[in-house]
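Take a look at the structure set out below.
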Amino acid sequence: MQHGASPSSRHGTIMAIATKKVALAYSGGLDTSAIVPWLIEHHDCEVIAVVADVGQGDGELRGIREKARQSGASECHILDLKQEFIERYAFALVQSGASYENGYLLGTAIARPIIAKGVVEVALARGADTLAHGCTGKGNDQVRFETVFAALAPHLKVIAPWRLWNLRSREQLLDYIHSRNIPCSATVEKIYSRDANLWHISHEGGNLEDPWNAPSADMWMITEDPQNAPEHAEEVLLEYEEGRPRKVNGEALQASELVARLNQIAGRHGVGRVDLVENRLVGIKSRGCYETPGGTLITAGLAGLTEIALDRDTLHYRQQMSLRFAELIYSGQWFTPLRRSMSRCFEDMAKPLTGEVVISLHRGTCTVIKRRSESSLYSEHFATFGEDSVYDQADAAGFIRLFSLPSRIQALKHSGGIGS
């Protein structure tokens, strides 16, 4: 492609969607900086940039409104969604106990529904007829965004430039925006693809694409190297109300403030790192490294509370449901009847989960060491190895005989001890 040329479709000339006004999920990064002028050039439309503040940090938001306008956007709406994101989405995830595959606390996936909802709400308020996003055609996020779009605004058209244009490299994207004098801090030397919000930071690409490469020490951003973490453990007291954390060391905090506080505490002890080769929704495996320090602490604390406050059958069924719930969130199916029904069930299961937990943090480990609740089903009188008046150990013999009866009958049948 010649310097400054407009990208065409990799399948030929782009068939422009008839559109007058597009609401774009805008981050201010390299991709969306190129998408704004691309939409204007290829669809002759007005572009409204929609920025969702889900706690990615001031560094990513600084000057973003001016950047969007210099890129060609007619408007830029910055939505402060931090509190809603944590309270209604992340804490709903916590209540369920869900994680994807080997411990991924779904930091990117749980943020996509509220971001996409924000884009839809701005689009409807400003009279846009089309929605757009900067997700690639190989990842999960395209599905997550467009599934929400379909659920909340099925009448609006959707444009996904990465599935249309022929810009295939970082160098081509930079060349494209520089030729149009669009400001962008991105460079060719960028190593990792990152996604940040208040719940987590993800790292993909670069040397991580080879699963035999260990993550470099300078990749991690909000968690200390466990080897360099404080020598002595730190204990944290968390208080929960119906499965949602409300206090840290006795101090009541709003949801977003609570997670930010715990990110700092757990992060300095190197807690919350996950290195995972996962199964993407689109059918390929990918490797991601995730930092979720506060979320790891919160999740561990609630797990400790469930141990004493939920009966066996409820706890085990909750674990089964959690697996399916994680798949729904990972797949972007937040605004579905099944997800809503499951959330109501988890909320009901969480009613006994009010209490206190003490967690010890030490060089990458996060261990529950104390737990108490007025809903506790644990009884020292029953559990003691000492003498008690509530449990006759002789009763166990009859229980074991009845519990093992199917095995006994099967063994007798095979040995000829009972009739065929």
Side-chain angles (χ1 to χ4, degrees), residues 1-52 60 63-79 112 115-139 141-146 148-150 152-186:
M1 184 176 73
Q2 294 181 347
H3 182 81
S6 297
S8 60
S9 165
R10 69 178 65 97
H11 303 299
T13 303
I14 293 174
M15 298 299 293
I17 295 175
T19 179
K20 294 182 179 180
K21 187 181 293 187
V22 179
L24 167 67
Y26 181 79
S27 68
L30 178 57
D31 293 356
T32 52
S33 294
I35 287 173
V36 174
W38 183 88
L39 287 170
I40 295 171
E41 293 171 11
H42 287 276
H43 297 276
D44 190 25
C45 61
E46 178 184 349
V47 178
I48 299 172
V50 184
V51 180
E60 291 193 30
I64 197 167
R65 181 174 280 109
E66 293 74 17
K67 184 185 298 184
R69 289 189 176 277
Q70 290 179 39
S71 299
S74 61
E75 304 173 21
C76 181
H77 297 260
I78 302 176
L79 311 178
R112 292 310 186 230
I115 294 172
K117 180 171 75 75
V119 176
V120 169
E121 290 172 347
V122 171
L124 297 177
R126 302 304 296 161
D129 54 17
T130 304
L131 304 163
H133 61 77
C135 309
T136 70
K138 292 181 69 176
D141 280 342
Q142 58 180 333
V143 181
R144 294 166 180 159
F145 271 95
E146 293 184 39
V148 174
F149 292 165
L152 302 184
H155 61 290
L156 297 183
K157 297 181 282 288
V158 177
I159 297 176
W162 268 106
R163 301 203 295 259
L164 298 171
W165 64 20
N166 65 351
L167 295 176
R168 304 302 299 145
S169 69
R170 193 169 185 81
E171 292 83 356
Q172 289 178 331
L173 282 170
L174 285 166
D175 182 54
Y176 178 69
I177 64 172
H178 287 161
S179 69
R180 287 153 178 79
N181 298 315
I182 295 171
C184 184
S185 59

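These numbers come from the heavy atoms of this one structure, side chains and all, not from hydrogens, waters or symmetry mates.
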- Partners passing side-chain hydrogen bond (donor to acceptor under 3.5 Å, both in side chains) against R144 (at least two apart in sequence or in another chain): D141

- Task: Taking the side chain as every heavy atom from C-beta outward, state whether V158 and T130 have any atom pair closer than 4.5 Å.
- Result: no

- Task: Give, for atom CH2 of W162 and atom NZ of K138, the distance between the pair rounded to the nearest 0.5 Å.
- Result: 11.0 Å

- Task: Please report the shortest heavy-atom distance between A73 and V36, naming the atom on each side.
- Result: N-CG1, 3.5 Å

- Shortest non-hydrogen contact between C45 and T19, atoms and distance: CB-O, 3.8 Å

- Message: Using 0.5 Å steps for rounding, measure from the CH2 atom of W38 to the CD1 atom of I159.
- Response: 6.5 Å

- Message: Using 0.5 Å steps for rounding, measure from the OG atom of S33 to the NE2 atom of H178.
- Response: 9.5 Å

- L174 vs L30, side chain to side chain contact (heavy atoms under 4.5 Å, CB included): CA-CA, chis, key distance, verdict: CA-CA 7 Å; L174 285 166; L30 178 57; 3.7 Å; yes

- Task: Check step by step if side chain to side chain contact (heavy atoms under 4.5 Å, CB included) holds for K20 and H43.
- Result: CA-CA 8 Å; K20 294 182 179 180; H43 297 276; over 6 Å; no

- Message: Ignoring hydrogens, what is the shortest heavy-atom contact between D31 and W165? Give both atom names and the distance.
- Response: O-CH2, 4.2 Å

- Taking side chain as C-beta onward, heavy atoms only, is Y176 less than 4.5 Å from L167? yes

- Message: With a 4.0 Å cut-off on N to O distance, would you call K157 and E146 a salt bridge?
- Response: no

- Query: Under 4.5 Å between any side-chain heavy atoms of I48 and L24, yes or no?
  - Reply: no

- Item | Heavy-atom closest pair, residues N166 and Q172 | O-OE1, 3.6 Å

- Could you grab the distance from atom NZ of K67 to atom OG1 of T32, nearest 0.5 Å is fine? 8.0 Å

- Message: Could you go through Y26 and V51, starting from their C-alpha distance and side-chain angles, then the distance that decides it, and tell me whether this counts as side chain to side chain contact (heavy atoms under 4.5 Å, CB included)?
- Response: CA-CA 5 Å; Y26 181 79; V51 180; 3.7 Å; yes

- Message: Within the structure provided, determine whether L124 and L156 are in side-chain contact (heavy-atom separation under 4.5 Å).
- Response: yes

- Item | Any residue meeting side chain to side chain contact (heavy atoms under 4.5 Å, CB included) with A128, in chain and number order, not counting sequence neighbours | K21, A23, A123

- Message: With rounding to the nearest 0.5 angstrom, report the CD1 to CD1 distance, I177 to I35.
- Response: 11.5 Å

- Item | Closest contact, heavy atoms only, I64 versus E60 | CD1-O, 3.9 Å

- Query: Stepwise, does the side chain to side chain contact (heavy atoms under 4.5 Å, CB included) test hold for V148 with V119?
  - Reply: CA-CA 10 Å; V148 174; V119 176; over 6 Å; no

- Item | Least distance between heavy atoms, F145 atom then C135 atom | CD1-SG, 3.5 Å

- Task: Using the side-chain hydrogen bond (donor to acceptor under 3.5 Å, both in side chains) rule, collect all pairs that involve residues 68-79, keeping only residues at least two apart or in two chains.
- Result: E46-S74, E75-H77, E75-R126

